[in-house]
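Have a look at the structure below, then the notes.
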Amino acid sequence: MKPEGIHNTNDLLSKPGQEACLLAVRELIARGAQQILFACTGMGTINLKALLLAHHIAVPLIDAVESEGLFANFYYRQ
């Protein structure tokens, strides 16, 4: 599900864009989503995960950029 009014990464920087992301996540959860995987690297750039956690979103939130960094760190240390 694409958040309403989001057409490019710049839209995520606005307050209405971030609110649209929050509404989309709530809708996905209402439809039965058990986890959320960010489909745009810009969602990590705006720290959407922190916004969602601040609004008590309780399903696992997966940020591909953050995940990639954790994997790189893990393999670098071996």
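Just so we're clear, the structure is a prediction, and the values are computed from it rather than from any experiment.
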key: Minimum heavy-atom distance between Gly17 and Ile6, given as atom pair plus value   = CA-CD1, 3.6 Å
Only pairs under 3.5 Å count here: list side-chain donor-acceptor contacts from residues 46-56, not counting sequence neighbours, and write none if there are none.
residue: Lys49; atom: NZ; partner: Glu66; partner atom: OE1; Å: 2.9
residue: His55; atom: ND1; partner: Leu51; partner atom: O; Å: 3.0

task = Find out if a path of hydrophobic residues (ILVMFWY) with successive side-chain heavy-atom gaps under 4.5 Å connects Leu22 to Val59.
result = yes
inquiry  = I'd like to check Ile57 versus Arg26 (side-chain heavy atoms, cut-off strictly below 4.5 Å). Are they in contact?
reply    = yes
query = How about Glu68: does its CD atom have over 12 heavy atoms from other parts shown lying under 6.0 Å from it?
reply = no
key: Under 3.5 Å donor-acceptor, Gln18 side chain and Leu12 backbone   = yes
message = Please list all pairs meeting side chain to side chain donor-acceptor pair (under 3.5 Å) that have one or both residues in residues 1-15, counting only residues at least two apart or in different chains.
response = none
Joint hydrophobic cluster, Val25 plus Met1, side-chain heavy atoms closer than 4.5 Å = yes
remark   = Correct closest heavy-atom pair for Pro3 and Met43 would be CG-CE, 4.3 Å
